[in-house]
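Here the structure is laid out as C-alpha cells; the discussion comes afterwards.
Being a predicted model, the structure only gives us computed values, none of them experimental. Order of the sequence lines sets the chain letters (A, B, ...), proteins ahead of strands, with each chain counted from 1.
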There are 2 protein chains.
Amino acid sequence: MGSVRDSFREYLSDHGLKTTRQREIILDEFLSSPSHLSAEELYLRLRSNHPNIGYATVYRTMKLLADSGIASERHFGDRQTRYEPNIGEEHHYHLICNGCGKIIEFENGAIEQLLLDVAGEHQFTLSHQRLELYGMCPDCKARK
Amino acid sequence: MGSVRDSFREYLSDHGLKTTRQREIILDEFLSSPSHLSAEELYLRLRSNHPNIGYATVYRTMKLLADSGIASERHFGDRQTRYEPNIGEEHHYHLICNGCGKIIEFENGAIEQLLLDVAGEHQFTLSHQRLELYGMCPDCKARK
DNA sequence: TTACAATTGAAAATGATTGTCAAGTTATCA
DNA sequence: TGATAACTTGACAATCATTTTCAATTGTAA
Ligand SMILES: [Mn+2]
Ligand SMILES: [Mn+2]
Ligand SMILES: [Zn+2]
Ligand SMILES: [Zn+2]
C-alpha cells in the first residue's frame, strides 16, 4: 500500500530529484481524491490542511507524477489538464456527459485491438491514444 | 461549387447574422488551404492579400463555420484549435506523428460501430467523439 | 434611403499553465 | 554531525491561445 510512495521516491532519486514534504503531501491527496481532478482542484483541496503549499508546486508535482507513470494526464472538453492515478487501473476510455460533466469509464478490447491494427498498418509505433465520447447522459436528457 | 458559400449564407441569415465581405473571404481562404489549420495560421495566410482583416474576426468566423457544420474543430497535441472542412469528407480519425507532426487520416467502420454500441449501452446520445493515435511514423523512426 | 441591429478591428482581458528568482531544504560525504 | 552543492519552494510575473470590449462601420429589412 505504501508502495506508490515508494515508487515515487524511487523515481525521484533515480532522476536526481529530491523527496520533499510537499511532494509527499500532494501525492497523498491525489491518491485519496476522486479521479480526473485538475491541478487547480487538487490545490483547492490541499488548501484547507496545507495553506502554505503553492500553486506552482502542485502543477510541478502533478507533472512529475505523470512523468513517473503514477498518474495519467487527461484532456477532456474544458481546457484544464486532468489527472488520474494509474494504479491497478485497466486501460480505459471515457464517455462524458455534456450536460452534467459525469464521466463514465469503459474498457473495450475489440476497439483497442482495432486501433493497434491501424497503427500497425501505417508502421507507426504508438506512444499514446486519445479516445472520448461526448454526449448527453440519460439523466440529463430526462431533465430537459 | 459555390454551394458551400450558399449554405454559409443560409446559415447566417437563418440565425439573424449578416453576410459580410470578411466572412466570405475567410471562408474562401479556409476552403482553399490545407486541412487542419489553426485560426492563427489562417490569419497569417490572409494577411498578405487582406491585411486589414482582424485577428478576432478570423477567430469569430471559424467558430461560425464550426457552428454551421461547414468546418470541424480538432484538438491535437498542441494547444491550438484546428479546423478542417466537412465537405464531402467521410467521417475519419487521425494518426499523428510526434516527430514530424504528419497527420494521417483513417476511416474505420468497425471502430465506429463499436463506439456507437458503447454509447448505446449507456443510453448516451452522442454529440461528438474524439479519437487520435499518437506515435512515431516510419520516417521519423528511421531518421533516429 | 433610413433605422437599427450586427459586425469589425484594435487593444485589453482572460485563464490555464509555466518561468523567474531569492530564500529555504535535502542529500551527501568528510 | 556539519558543510556544501544542488534541488525546491512560494510568490508573482510572464506566456499564449482565445475571448471580450467598445467605438466606429456596415448589412439589410422595410
Ligand atoms: Mn479515467
Ligand atoms: Mn482530418
Ligand atoms: Zn448528464
Ligand atoms: Zn514523423
Side-chain angles (χ1 to χ4, degrees), chain A residues 5-6 8-30 36-68 71 73-83 101, chain B residues 5-6 8-27 29-30 36-68 71 73-83:
Chain A
R5 277 171 83 144
D6 289 348
F8 191 34
R9 287 211 177 101
E10 190 181 327
Y11 172 85
L12 291 172
S13 119
D14 286 355
H15 289 74
L17 306 175
K18 293 176 175 169
T19 299
T20 66
R21 207 175 65 261
Q22 291 88 331
R23 284 172 178 170
E24 305 235 285
I25 291 170
I26 293 169
L27 171 58
D28 287 350
E29 186 69 33
F30 171 59
H36 310 120
L37 245 53
S38 66
E40 190 192 17
E41 286 165 347
L42 206 50
Y43 169 75
L44 260 23
R45 288 181 132 253
L46 286 159
R47 211 168 180 31
S48 41
N49 291 317
H50 304 282
N52 42 342
I53 291 186
Y55 207 66
T57 301
V58 177
Y59 270 92
R60 291 186 282 231
T61 302
M62 292 320 293
K63 190 140 294 190
L64 284 175
L65 291 176
D67 291 346
S68 71
E73 291 194 356
R74 301 292 190 181
H75 299 267
F76 300 148
D78 53 11
R79 44 179 56 246
Q80 301 180 100
T81 300
R82 299 180 169 282
Y83 294 89
Chain B
R5 278 171 81 144
D6 288 348
F8 191 35
R9 288 211 177 103
E10 190 182 327
Y11 172 86
L12 292 172
S13 116
D14 286 355
H15 289 73
L17 306 175
K18 293 173 176 172
T19 300
T20 65
R21 208 175 64 261
Q22 290 88 331
R23 285 174 177 169
E24 305 236 285
I25 291 169
I26 292 169
L27 171 58
E29 186 69 34
F30 172 60
H36 309 123
L37 246 53
S38 65
E40 190 192 18
E41 287 165 347
L42 206 51
Y43 169 75
L44 261 24
R45 288 180 130 253
L46 286 160
R47 211 168 181 29
S48 42
N49 291 318
H50 304 281
N52 42 341
I53 291 186
Y55 208 66
T57 301
V58 177
Y59 270 92
R60 290 186 282 230
T61 301
M62 292 320 293
K63 189 139 294 191
L64 284 176
L65 290 176
D67 291 347
S68 70
E73 290 194 359
R74 301 291 189 182
H75 299 266
F76 300 148
D78 54 9
R79 160 162 298 277
Q80 303 180 101
T81 300
R82 299 180 168 281
Y83 295 89

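Atom pair B:Met62:CE and C:dT8:C1' shows a separation of 18 Å (rounding to whole Å applied). Following rounding to the nearest Å, B:Tyr55 (OH) and C:dA12 (P) show an atom-to-atom distance of 16 Å. Taking atom CD of A:Glu40 as the reference point, atom P of C:dG15 lies 10 Å away to the nearest angstrom. For the pair B:Arg21 CZ and C:dT8 P, the computed distance is 9 Å after rounding to whole Å. When the C1' atom of C:dA27 is taken as reference, atom CZ of A:Arg9 falls 14 Å away, rounded to whole Å. The distance from atom CD of A:Gln80 to atom P of C:dT18 is 12 Å, rounded to the nearest whole Å. One interatomic measurement links the two molecules: CD of A:Glu41 to C1' of C:dG15, which rounds to 14 Å at whole-angstrom precision. A:Glu73 has its CD atom 16 Å from the P atom of C:dA16, to the nearest Å.
Note on A:Ser13: nothing from the nucleic acid sits closer than 4.0 angstrom, heavy atoms only. Within 4.0 Å (heavy atoms only), A:Ser38 reaches no atom of the nucleic acid at all.
The overall bend of the helix from C:dT1-D:dA30 to C:dA30-D:dT1, read as the angle between its terminal helix axes built from five base pairs each, is 30° when rounded to 10 degrees.
In this structure, CG on A:Leu37 lies 8.5 Å from CD on A:Glu29, to the nearest 0.5 angstrom. Here the OG1 atom belonging to B:Thr19 is positioned 7.5 Å from the CZ atom belonging to B:Phe8, to the nearest 0.5 angstrom. Rounded to the nearest 0.5 Å, atoms OH (B:Tyr59) and OG1 (B:Thr81) are 7.5 Å apart. The CZ atom of A:Arg82 lies 9.5 Å from the CD atom of A:Glu40; values are rounded to the nearest 0.5 Å. Separation of atoms OG1 (B:Thr57) and NE2 (B:His50) is listed at 13.0 Å; rounding is to 0.5 Å. Atom OH of B:Tyr43 sits about 13.0 Å away from atom OG1 of B:Thr61, to the nearest 0.5 Å.
Map A:Leu17 and A:Pro51 each onto its nearest nucleotide of DNA chain D; the residue landing nearer the 5' end is A:Leu17. Where B:His75 and B:Thr20 meet DNA chain D, the nucleotide closest to each residue was compared, and B:His75 sits on the side nearer the 5' end. If you find the closest nucleotide of DNA chain C to B:Ala56 and to B:Gly16, the one lying nearer the 5' end belongs to B:Gly16.
The phosphate of C:dT25 has neither OP1 nor OP2 within less than 4.0 Å of any side-chain N or O from A:Gln22. Of the side-chain N and O atoms in A:Thr19, none sit less than 4.0 angstrom from OP1 or OP2 of C:dT26. For the OP1/OP2 pair of C:dG9 and a distance below 4.0 Å, the side-chain nitrogens and oxygens of B:Thr57 include at least one atom meeting the criterion. A close approach under 4.0 Å does not occur between any side-chain nitrogen or oxygen of A:Lys63 and OP1 or OP2 of C:dT17.
Residues A:Tyr83 and A:Glu73 are in side-chain contact: their nearest non-hydrogen atoms beyond the backbone lie under 4.5 Å apart. The shortest side-chain heavy-atom distance between B:Arg23 and B:Arg60 does not fall under the 4.5 Å cut-off. Using a 4.5 Å heavy-atom threshold, the side chains of A:Leu12 and A:Thr20 count as separate.
In terms of heavy-atom proximity, A:Val58 sits nearest to A:Ile26 at CA-CD1, 3.9 Å.
Contacts between chain B and DNA chain D, taken as any atom within less than 4.0 angstrom of a protein heavy atom, begin and end at D:dA17 to D:dT28.
You won't find any donor-acceptor pair under 3.5 Å spanning the side chain of A:Arg60 and the base of C:dG19, going by distance alone.
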